[in-house]
Every structure is written in structure tokens, then in C-alpha cells.
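Reckoned from all heavy atoms, side chains included, excluding hydrogens, waters and symmetry mates.
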Amino acid sequence: MKLWLKWLVVGVLSIVFGVFVLANPVAASFAVTLVAGTLFIVAGAVQIWAGVGADETSSKLMGIGLGALMLILGVSFVFQPLQGIISLATLATIFIGLNGVLRLMTSWQMRDTPLFWPMLISGAVSILLAGYILANFGSIAPQLLGILLGIELLFNGTGLIVLAIFLRTAKGILKDKLEKRFEPKK
């Protein structure tokens with residue numbers, strides 16, 4: 001299978017999964033929380049194992065302590081997924097708001113460039129989105145992670161399809177340019 005075709009298939013699958021996730025964002029939020037919890041459990045166990053094998057006492061204590069925290073967080077997410085969803089949705093909302101503030105600050109530094117307004121508007125929209133989520137947190141939180149995952153899958157799929165089309169067309173264009181450059185002169 002050609003490389004561009006592989007990217008095309010992955011892009012289409014990403015879009016299909018994105019639509020599937022957006023059709024039931026609450027179930028997707030539970031899945032995200034369970035996957036995150038499982039990854040925290042594995043990472044915590046590995047961190048504890050690494051901490052036990054550390055040479056220095058401070059490294060040993062830090063490794064075991066950090067691993068224990070990660071393990072506890074993972075177990076909490078797996079056995080109490082609704083609380084995990086709320087925690088992750090809160091964290092996502094904070095990140096959206098902080099990202100908006102950082103873009104506003106960046107836009108101020110770009111005020112003499114043509115990129116000032118797009119950056120300013122982008123930051124303001126992120127802050128407004130975070131405010132909207134906070135104002136409606138009780139009804140949005142259970143769905144937020146699933147919605148964000150679905151949107152990411154749609155954009156990822158679109159980007160991969162564009163990459164596949166580019167790879168397919170660029171290969172032909174590049175081949176034509178190389179042939180013209182190295183063809184014998186008459």
C-alpha cells in the first residue's frame with residue numbers, strides 16, 4: 001500500500017471515529033477518563049519501580065512519592081470515573097482560559113503587525129469559551145472531554161487527508177520537475 005493511501009485511510013478513520021465520538025460525548029468522556037486512569041496506574045507503578053531502584057535517598061523518596069500520587073490518581077479515575085471526568089473537565093477549562101490569556105498577551109506584543117487582530121480575537125474567543133463552560137459547568141462537564149476529543153479527531157482526520165492528497169500530488173510534481181531538470185539538452 002502506498003504511503004499516501006495509508007495516510008488517507010487513517011484520516012478517514014479518524015473522521016469516522018470523530019463523528020462517532022460526537023454522537024455520544026458522555027460515553028467518550030468516560031472512555032477518556034478510564035484510559036487516562038489506566039495510563040496513570042501504569043506510569044505510577046513504573047515510577048515506583050524506578051524510585052525503588054534509585055541510588056540516592058532523595059531520588060528514591062521523590063520517585064516513590066510521585067509514583068504513589070500517580071497510582072492513587074489513576075485508581076481514582078478508574079474506580080470513580082464521574083469524579084475523574086469532572087476533574088479533567090475542570091483542568092481542560094483552565095487550560096482553555098489560560099491559553100486565551102496567553103494569546104491576548106501575545107497579541108499585545110504583536111500590535112504593530114498584521115497578525116494582531118487574529119491573535120487578539122483568538123484569545124478573546126478562548127476566554128469567552130472558558131467563561132461559557134464555567135457558567136454552564138454542571139451540564140457541560142460530563143460531555144466536554146468527549147466533545148473536545150471528537151473535534152480533535154475531526155481536525156486530525158482532515159489534516160491527514162490533506163497530507164495524503166499532498167503526498168500523492170507532490171510526488172508527481174516532484175518527479176516532473178526532476179525529469180525536466182535532468183533531461184538532456186538538444
Side-chain angles (χ1 to χ4, degrees), residues 1 5-53 61-104 106 121-165:
M1 184 183 285
L5 190 56
K6 290 178 185 177
W7 286 120
L8 181 68
V9 169
V10 172
V12 169
L13 286 174
S14 183
I15 289 176
V16 168
F17 287 131
V19 170
F20 180 71
V21 164
L22 288 173
N24 194 349
V26 175
S29 292
F30 274 99
V32 167
T33 303
L34 292 175
V35 167
T38 303
L39 291 175
F40 273 122
I41 289 171
V42 170
V46 169
Q47 184 70 34
I48 290 172
W49 179 70
V52 169
L61 291 175
M62 180 83 92
I64 292 171
L66 184 61
L69 286 173
M70 292 169 70
L71 195 62
I72 291 168
L73 183 64
V75 168
S76 171
F77 280 8
V78 169
F79 291 108
Q80 297 176 344
L82 187 57
Q83 290 177 352
I85 288 173
I86 300 302
S87 299
L88 291 174
T90 303
L91 192 61
T93 304
I94 291 168
F95 282 147
I96 290 169
L98 287 176
N99 194 3
V101 169
L102 288 174
R103 277 187 267 151
L104 283 179
T106 302
I121 292 169
S122 172
V125 167
S126 290
I127 291 171
L128 290 173
L129 178 62
Y132 177 78
I133 292 169
L134 285 175
N136 301 296
F137 195 76
S139 61
I140 291 176
Q143 303 169 12
L144 182 63
L145 298 175
I147 291 170
L148 292 175
L149 175 63
I151 291 170
E152 173 58 28
L153 286 170
L154 289 177
F155 280 110
N156 182 56
T158 303
L160 290 175
I161 290 171
V162 169
L163 174 65
I165 293 168

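Within the structure, side-chain hydrogen bond (donor to acceptor under 3.5 Å, both in side chains) pairs that include any residue of residues 127-140 do not occur (at least two apart or interchain). Counting only residues at least two apart or on different chains, the side-chain hydrogen bond (donor to acceptor under 3.5 Å, both in side chains) pairs with a member in residues 6-26 are Ser14-Asn156.
For the atom pair CD1 of Ile41 and CD1 of Ile72, the computed distance is 11.5 Å after rounding to the nearest 0.5 Å. How far CD1 of Ile133 is from CG of Leu148: 6.5 Å, rounded to the nearest 0.5 Å.
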In residues 78-95, what donor-acceptor pairs under 3.5 Å come from side-chain atoms, sequence neighbours left out?
{"residue": "Ser87", "atom": "OG", "partner": "Gln83", "partner atom": "O", "Å": "3.0"}
{"residue": "Thr90", "atom": "OG1", "partner": "Ile86", "partner atom": "O", "Å": "2.7"}
{"residue": "Thr93", "atom": "OG1", "partner": "Ala89", "partner atom": "O", "Å": "2.8"}

Could you list the donor-acceptor pairs under 3.5 angstrom formed by side chains in residues 26-37, with sequence neighbours left out?
{"residue": "Ser29", "atom": "OG", "partner": "Pro25", "partner atom": "O", "Å": "3.0"}
{"residue": "Ser29", "atom": "OG", "partner": "Pro142", "partner atom": "O", "Å": "2.9"}
{"residue": "Ser29", "atom": "OG", "partner": "Gly146", "partner atom": "N", "Å": "2.8"}
{"residue": "Thr33", "atom": "OG1", "partner": "Ser29", "partner atom": "O", "Å": "2.9"}

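Looking at residues two or more places apart in sequence or on another chain, you find a side chain to side chain donor-acceptor pair (under 3.5 Å) between Ser122 and Arg103. With sequence neighbours excluded, no residue forms a side chain to side chain contact (heavy atoms under 4.5 Å, CB included) with Leu69. Applying the side chain to side chain contact (heavy atoms under 4.5 Å, CB included) criterion to Val125, with sequence neighbours excluded, gives Ile121. Partners of Leu73 under the side chain to side chain contact (heavy atoms under 4.5 Å, CB included) rule, at least two apart in sequence or in another chain, are Phe40, Phe77. With sequence neighbours excluded, the residues satisfying side chain to side chain contact (heavy atoms under 4.5 Å, CB included) with Leu13 are Val9, Phe17. Here Ser76 pairs with nothing under the side chain to side chain donor-acceptor pair (under 3.5 Å) rule; sequence neighbours left out.
Among Ile127, Leu129, Leu134, the single residue meeting the side-chain contact (heavy atoms from CB on, under 4.5 Å) criterion with Ile96 is Leu129.
Contact record, Ile151 with Leu22: N-CD2, 4.2 Å, taken as the closest heavy-atom pair.
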**Message:** Under the criterion side-chain contact (heavy atoms from CB on, under 4.5 Å), I'd like the reasoning laid out for Ile15 against Leu153: C-alpha separation, chi angles, the key distance, then a yes or no.
**Reply:** CA-CA 6 Å; Ile15 289 176; Leu153 286 170; over 6 Å; no

